[in-house]
Asks: 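Have a look at the structure that comes next, please.
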Amino acid sequence: MIQLSHITAGYGGEPVLRDLSISFQPGQVTVLVGPNGCGKSTLLRVGARLMEPQEGEILLDGNSVRAMSHKEFARHVALLPQSRPTPEITVGALVLHGRFPYLSYPRRYGVKDREAARRAMELVGVADLDQVPLSRLSGGQRQKVYLAMAVAQDTPVLLLDEPTTYLDISHQLELGHMAQLLAHQGKTVVMVLHDLNLALSCADQVAVMLDGQLQQTGTPEEIFSSGVLERCFQVRVHRAAIETGEIQYLFTRQTSAPLK
């Protein structure tokens, strides 16, 4: 379990997160939702130790991570950030970068590292791109490769910041299923998503944020029933069962006035 306790954090001394506490459980997919600028990505950066909080601390299984080296921490928590470079290397070489926390200097990959990378590429669906230069891929393909690198890190905690960027609808649904599969393997999966329908359909826990503070956490049913989405996003939320029996959500503006 990873826990953020009484976190205040921001940029240039200006807080983005204010006294925020939340825990993420093993075997669950938690999706962070909220309007743009509410602090979702900042929360993941703090949780990944890419950003030092002004106040509060990060706990792994109840223990503070302050004494952990960054290499040791990287064996427990992996992050797929929102923006990434496009280095001139092959897909397979990039995915192997996920194994860096387990290597000593000089870096030499072993059988276990290559097997972990292969499994990650197969899970994400990029195994056939192994020898293709990253620069030749589409944005969606590159997104999947970076996701494979995070999975290859083989950590108990996986933090994914807007992982559906550049993905078409089919691959977005596939990613939601993959997140559930990883959680069923016992991993703690935390995702930032803007697609509320996907968030409510694939999450075990939904955390709603607004203005740097946590508004509510709960199951998709609890979040839907509470009205917190209407309050935070200024929308109306409707739901219906489709022919497969699955629940789908529809979001409309609270006002019917035409856009100007």
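Numbering starts at 1 and runs along the sequence shown. What you see is a predicted model; the values in this text were computed from it and never measured.
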Asks: Can you name the nearest heavy-atom pair linking A179 to V29, along with the distance?
Replies: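 Closest pair (atom of A179, atom of V29, distance): O-CG2, 3.4 Å.
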Asks: Between K71 and L103 (side chain of the first, backbone of the second, donor and acceptor by atom type, cut-off under 3.5 Å), is there such a pair?
Replies: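 Present.
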Asks: Among R75, R99, K112, K187, find the residue that satisfies the side chain to side chain donor-acceptor pair (under 3.5 Å) test when tested with D154.
Replies: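 Exactly one candidate clears the test, K187.
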Asks: Can you see which heavy atom on V192 is nearest to which on P163, and at what distance?
Replies: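 Shortest heavy-atom separation between V192 and P163 comes out as O-CD, 3.4 Å.
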Asks: Taking the six-membered ring for Trp, are the ring centroids of H97 and F100 within less than 6.0 Å of each other?
Replies: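 That pair passes the under 6.0 Å test.
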Asks: Any donor and acceptor pair, going by atom type alone, linking the side chain of K40 with main-chain N or O of G34 inside 3.5 Å?
Replies: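 Yes, K40 side chain to G34 backbone: donor-acceptor pair under 3.5 Å.
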Asks: What pair of heavy atoms forms the shortest contact from L167 to G140, and how long is it?
Replies: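 In this case the closest contact between L167 and G140 is CD2-O, 3.5 Å.
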Asks: List the atom of P53, the atom of A9, and the distance in Å for their closest heavy-atom pair.
Replies: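 Shortest heavy-atom separation between P53 and A9 comes out as CA-CB, 4.0 Å.
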Asks: Less than 3.5 Å apart, any donor N or O on the side chain of Q3 or S23 sitting next to an acceptor on the other?
Replies: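 Result is no, nothing qualifies.
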Asks: Hey, does the side chain of R84 reach the backbone of Q82 with a donor-acceptor pair shorter than 3.5 angstrom?
Replies: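 Between the backbone of Q82 and the side chain of R84 there is a qualifying donor-acceptor contact (under 3.5 Å).
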Asks: Sub-3.5 Å donor-acceptor pair from the side chain of S138 to the main-chain atoms of Q141, do we have one?
Replies: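 At least one qualifying donor-acceptor pair exists.
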Asks: Please answer whether the main-chain N or O of Q213 pairs with a side-chain N or O of R18 as donor and acceptor at a distance below 3.5 Å.
Replies: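 No, because the side chain of R18 does not come within donor-acceptor range (under 3.5 Å) of the backbone of Q213.
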Asks: Out of the candidates I223, L210, T217, only one should pair with V228 under the side chain to side chain contact (heavy atoms under 4.5 Å, CB included) rule; please name it.
Replies: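 So, applying the side chain to side chain contact (heavy atoms under 4.5 Å, CB included) to V228 and each of I223, L210, T217, only I223 qualifies.
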Asks: Answer yes or no: is there a donor N or O on one side and an acceptor on the other, between the side chain of Y102 and the main chain of Q153, under 3.5 Å?
Replies: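 Such a contact is found between Y102 side chain and Q153 backbone.
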Asks: With no hydrogens and no angle check, do the side chains of E162 and H194 hold a donor and an acceptor under 3.5 Å apart?
Replies: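 Yes, side-chain donor-acceptor contact under 3.5 Å.
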Asks: Please check if any side-chain donor atom of E221 sits under 3.5 Å from a side-chain acceptor atom of S225, or the reverse.
Replies: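 Per modelled atom types, E221 and S225 side chains form a pair under 3.5 Å.
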Asks: Do H76 side-chain atoms and E72 backbone N/O form a donor-acceptor pair below 3.5 Å?
Replies: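 Such a contact is found between H76 side chain and E72 backbone.
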Asks: Determine yes or no for a side-chain-to-main-chain donor-acceptor pair under 3.5 angstrom, with S5 supplying the side chain and S21 the backbone.
Replies: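 It does not hold such a pair.
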Asks: Applying the side chain to side chain contact (heavy atoms under 4.5 Å, CB included) criterion to V77, which one of L159, T188, T155 satisfies it?
Replies: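 The single option meeting the side chain to side chain contact (heavy atoms under 4.5 Å, CB included) with V77 is L159.
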Asks: Quick one: does R49's side chain have a donor or acceptor within less than 3.5 Å of a partner on A74's backbone?
Replies: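 Not confirmed, R49 side chain does not pair with A74 backbone.
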Asks: Mind listing the closest non-hydrogen atom pair of V31 and C202 along with its distance?
Replies: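 Where V31 meets C202 most closely, the heavy atoms are CG2-SG, 4.3 Å.
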Asks: Can you check whether F233 and F251 have ring centres sitting under 6.0 Å from each other?
Replies: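 No, the ring centres sit 6.0 Å or more apart.
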Asks: Over all heavy atoms of both residues, which pair between A120 and A148 is shortest? Give the atoms and the distance, please.
Replies: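 Where A120 meets A148 most closely, the heavy atoms are CB-O, 3.3 Å.
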Asks: For Y146 and P85, indicate whether the former's side chain and the latter's backbone hold a donor-acceptor pair under 3.5 Å.
Replies: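 Indeed, once roles are kept as given, a pair shorter than 3.5 Å links the two residues.
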